[in-house]
Amino acid sequence: MTLEKHSFLSEFPDHHHTIRHLKMHDRHFAKLFDEYNDLDHEVFSLESAGIPTTDDNLEQKKCAVFSLKTRCLPWLKKKKPRNNTKPNNLINHSYV
C-alpha cells in the first residue's frame with residue numbers, strides 16, 4: 001500500500017487562495033489548519049516509519065484529522081474557489 005500525506009492544501013487544491021487568505025486573517029481557522037496538518041503529519045509518520053502503536057490510537061488520530069477537516073469546511077463553503085482563469089472576453093454584451 002502506498003502511503004501519502006493528506007495536507008489540507010492537497011485536499012482542497014481549488015481553495016488554495018481562500019485557504020491562504022484565511023490563514024493570514026482568521027486566527028481560529030489558522031489554528032485548526034495547523035492542528036490538521038500537524039496531526040496528519042503525525043499519522044503519516046506513524047504509518048510510514050512503522051512506529052509501534054495500537055490500531056485504536058491510529059484510528060483515533062485519523063478520526064481527529066477528519067474532524068478538523070470537517071470543522072474547517074464552513075469557511076471554504078463561504079467563498080467559492082478562485083481559479084486562475086481570465087474572464088471570457090468573447091461574451092456578446094450587445095444584448096445586455
Side-chain angles (χ1 to χ4, degrees):
M1 172 171 66
T2 303
L3 299 175
E4 45 183 274
K5 289 187 178 184
H6 296 278
S7 73
F8 198 82
L9 287 172
S10 69
E11 292 289 311
F12 300 101
D14 292 343
H15 292 278
H16 176 77
H17 295 286
T18 301
I19 292 167
R20 287 187 63 193
H21 175 80
L22 288 167
K23 277 185 59 182
M24 291 186 294
H25 296 95
D26 190 313
R27 279 192 244 166
H28 186 64
F29 178 86
K31 180 179 180 255
L32 293 175
F33 175 88
D34 289 339
E35 286 179 29
Y36 173 93
N37 283 323
D38 291 345
L39 196 52
D40 180 66
H41 178 74
E42 189 178 337
V43 167
F44 180 79
S45 295
L46 285 171
E47 291 180 325
S48 64
I51 298 172
T53 187
T54 64
D55 287 343
D56 287 342
N57 181 42
L58 192 56
E59 284 303 311
Q60 285 177 347
K61 290 182 185 305
K62 287 181 178 181
C63 286
V65 169
F66 180 76
S67 174
L68 286 165
K69 185 184 343 182
T70 303
R71 291 171 59 194
C72 289
L73 283 177
W75 278 280
L76 300 182
K77 288 182 179 181
K78 286 180 188 175
K79 292 191 170 191
K80 292 185 178 181
R82 181 178 154 196
N83 57 20
N84 293 327
T85 59
K86 294 181 180 179
N88 186 353
N89 292 329
L90 300 176
I91 297 172
N92 185 349
H93 295 284
S94 61
Y95 296 107
V96 180

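The analysis underlying the following values was restricted to heavy atoms, covering all of them including side chains, and did not include hydrogens, waters or symmetry mates.
Judged by distance alone, with hydrogens and angles left aside, the side-chain atoms of His21 form no donor-acceptor pair with the main-chain N or O of His17 at under 3.5 Å.
A donor-acceptor contact closer than 3.5 angstrom is absent between the side chains of Thr70 and Ser67.
Counting heavy atoms from C-beta on, the side chains of Leu76 and Leu22 come closer than 4.5 Å. Taking the side chain as every heavy atom from C-beta outward, Ser7 and Glu11 never approach each other to under 4.5 Å. Here the side chains of Tyr36 and Arg71 are not in contact, with every heavy-atom distance at 4.5 Å or above. Proximity of Lys61 to Leu46: side-chain heavy atoms (C-beta onward) are separated by under 4.5 Å at one or more points.
Ring geometry for His15 versus Phe12: interplanar angle over 60°, hence perpendicular rather than tilted (30 to 60°). Between Phe29 and Trp75, the ring planes are perpendicular. Angles over 60° get that label, and only those under 30° would be called parallel.
For the atom pair CG (Leu68) and CG (Asp34), the distance works out to 10.5 Å, reported to the nearest 0.5 Å. Of the inter-residue distances, the one linking Cys72 atom SG with Lys69 atom NZ reads 10.5 Å to the nearest 0.5 angstrom. Atom OG in Ser45 sits 3.5 Å away from atom NE2 in His41 (nearest 0.5 Å). Taken from OG1 in Thr18 to NZ in Lys77, the straight-line distance is 14.0 Å, to the nearest 0.5 Å. A distance of 6.0 Å separates CE of Met24 from CZ of Arg20, quoted to the nearest 0.5 Å. Between Phe8 atom CZ and His16 atom NE2 the span is 13.0 Å, to the nearest 0.5 Å.
The two atoms that bring His6 and Asp40 nearest to each other are N-OD2, 3.0 Å, heavy atoms only.
The existence of a salt bridge linking Glu47 and Lys62 is confirmed by a sub-4.0 Å separation between a basic side-chain nitrogen and an acidic carboxylate oxygen.
Phe66 and Leu39 fall into different hydrophobic clusters, where Ile, Leu, Val, Met, Phe, Trp and Tyr residues are linked whenever their side-chain heavy atoms come under 4.5 Å apart, directly or through other members.
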